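Everything on this sheet refers to the single structure shown next.
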2 protein chains.
Amino acid sequence: MVFAGQGDARRSMSLLWRTEQPAQRRRGPGPGPRPGLSADAIVTAAIAVADEDGMAALSMRAVGERLGRTAMALYTYVPSKSELLDLMYDAVHAELPTRYAGIDNWRTGLTDWAHDTLAFLLRHPWVLQVSQARPVLGPHEYAGLDTLVRLLNGTGLDASLRRRLVGTLTHFVRGCAGTVAEARQAAAVTGESDEEWWFARSALLGEVAPDFADRYPSLSAMESEGTPQQPPSAPGEEAMPYLEREARETFAVGLDVMLDGIDAAIRRMGTP
Amino acid sequence: MVFAGQGDARRSMSLLWRTEQPAQRRRGPGPGPRPGLSADAIVTAAIAVADEDGMAALSMRAVGERLGRTAMALYTYVPSKSELLDLMYDAVHAELPTRYAGIDNWRTGLTDWAHDTLAFLLRHPWVLQVSQARPVLGPHEYAGLDTLVRLLNGTGLDASLRRRLVGTLTHFVRGCAGTVAEARQAAAVTGESDEEWWFARSALLGEVAPDFADRYPSLSAMESEGTPQQPPSAPGEEAMPYLEREARETFAVGLDVMLDGIDAAIRRMGTP
DNA sequence: CGAAGTTACTTTATGACGTAAGGAGTCGCA
DNA sequence: TGCGACTCCTTACGTCATAAAGTAACTTCG
């Protein structure tokens, strides 16, 4: 987990909400030899690094290199790596859709929201590694939050209950996204596909725990019963990796279960 | 996020499942001057470091220091930090309860499980920062998984559905635990309480976004409506920090919503 | 025109990290 | 007494964020 927002709070909020004093610039002197960087350019480059190579690869050197500068050049525009992370975090949240057609139907609205949010998190998996407590409090994150609340308003539930549902739904989507993201990263880092990994590991597991079925009877029973034979993927379409397919199944099923639970709360409200 | 299990898979599984060759030891020589370390002692010390000071403070140097050795001394017993993490991860999972009284009542069983798991994760918050994809596959983690599956068996649902519920419930509990854990860590690192933090931040927010209520109408309405006046905590009992209280509310409400969703699935099964 | 001031950027340095390499000390057994 | 096995230490390398100080280019002023 990477902690953002460690720097000067006022400076950080200024940068996030773009309330920097516009004057003062070009007051006397002029720029140096180069075309000149900007905080925006740095944030864009940093997002590209994180998207492509993951949070672990996000170093000031890497961002600087992408811009043809040294790491230290960035500190002219960005106070620290922590603040840069804040800016990156809020910048990508601008991608979240804010308009949903069926506001009258809370269920389809929330389903769409969940799918969009999952897709967003898979485009920018490093977002999951930014601490959630003490949130960044940027304008785009708030916009995303406002959208979710608006969709929840359609349920007609109490404000106090809606408040909790925001966290519940977010936890779930983030959890699913995390599983997929980590599986992808593991595959990228090790160069070993999910299938290869699982094949090797289950062989070792058989060596090392020959009594597996006796030690974990419920788990074993469920696995042998509940694992469907997967159909071979249609020719021409890329087979989805094992762990990712599992995670997406969990997402679909779990989302329906949660929405059923919300539905139950709505019904209960009608007939107390 | 910290990735474990990067080392030699066979060695790692051997260590996890304690299938090291027992011979070979003390074959010819004797130990050096010191009483002698062991993998177990190192794992215990490493868990203590991570529990007390967080994952960021878990360095080989720090663990060695706690044992009165240098960082390099650990490498005699543990192949790498990654493997040490595997061992730590599985070792703490031994704390998870495996017996639950009311197996006949799936709802109370799952509720107890969720509370126990939350408490476990809050005792060892660094567990949340170990990657979930490509799991560690140790005996104690499997025991915890088997327990959850056993409780889910009480629902009578299909194996394929139960499979997905494992992930759904886990994501939710982990998400709640993560919020609390991160809030605690932020408070510990910055020395600033949730209340102080929020007070300072909301003042800045008012400066920087005076039109907040207009920009985020749904969110603002929900906040002003759904935030209860919190009663002053009884004298003598420690007031729970703001963010932690919020997270625990989300946990309680969200868990009930999820269990209602499971209940709906059970009813649907009865009357197709 | 030249000096001074301002900014953009680089170089260098510090103390952290994981861990490779190469000892040094101690013991059992020959 | 010497050898091999074993534990543990010192040193070293390349990485990280970032503090401090230096350099180069430009604008403005004298």
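Please read these numbers as outputs of a predicted model, since none were measured by experiment. Below, chain A is the first sequence line, B the second, and so on; all start at residue 1.
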If you look at every heavy atom in [X] and [Y], which pair is closest and at what distance?
{"X": "B:Glu83", "Y": "B:Ser12", "value": "OE1-CB, 3.0 Å"}
{"X": "B:Thr250", "Y": "B:Phe172", "value": "O-CZ, 3.8 Å"}
{"X": "A:His171", "Y": "B:Gly175", "value": "CE1-O, 3.2 Å"}

Any side-chain heavy-atom pair from A:Leu67 and A:Leu74 closer than 4.5 angstrom?
yes
Using whole Å, what does the distance between atom [atom2] of nucleotide [N] and atom [atom1] of [X] come to?
{"X": "B:Arg69", "N": "D:dT7", "atom1": "CZ", "atom2": "C1'", "result": "9 Å"}
{"X": "B:Met55", "N": "C:dC17", "atom1": "CE", "atom2": "C1'", "result": "15 Å"}
{"X": "B:Leu84", "N": "C:dG18", "atom1": "CG", "atom2": "C1'", "result": "12 Å"}
{"X": "B:Leu37", "N": "D:dC6", "atom1": "CG", "atom2": "P", "result": "17 Å"}
{"X": "B:Tyr77", "N": "D:dC6", "atom1": "OH", "atom2": "P", "result": "11 Å"}

What pairs with A:Pro125 under side-chain contact (heavy atoms from CB on, under 4.5 Å), at least two apart in sequence or on another chain?
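Checked A:Pro125 against side-chain contact (heavy atoms from CB on, under 4.5 Å); matches are A:Ala181.
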Let me have a per-nucleotide readout for nucleotides 10-20 of chain D, 5' to 3', with B, S or -, counting only protein heavy atoms under 4.0 Å.
B-----BBBBB
What I want to find out is whether B:Arg18 reaches B:Asp40 closely enough, with some N-O distance under 4.0 Å, to be called a salt bridge.
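Result for this pair is yes, salt bridge flagged.
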In terms of side-chain geometry, is the basic nitrogen of B:Arg61 or B:Glu65 positioned less than 4.0 Å from the acidic oxygen of its partner?
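No.
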Spacing of CG belonging to B:Leu118 relative to CZ belonging to B:Arg174, to within rounding of 0.5 Å:
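Going from the CG atom of B:Leu118 to the CZ atom of B:Arg174 covers 12.5 Å.
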In degrees, rounded to 10°, what is the bend between the two ends of the helix from C:dC1-D:dG30 to C:dA30-D:dT1, using five pairs at each?
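Answer for the end axes of this duplex: 40°.
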Within the 4.0 Å heavy-atom criterion, would you say B:Ala73 contacts the bases, only the backbone, or no part of the nucleic acid?
sugar-phosphate
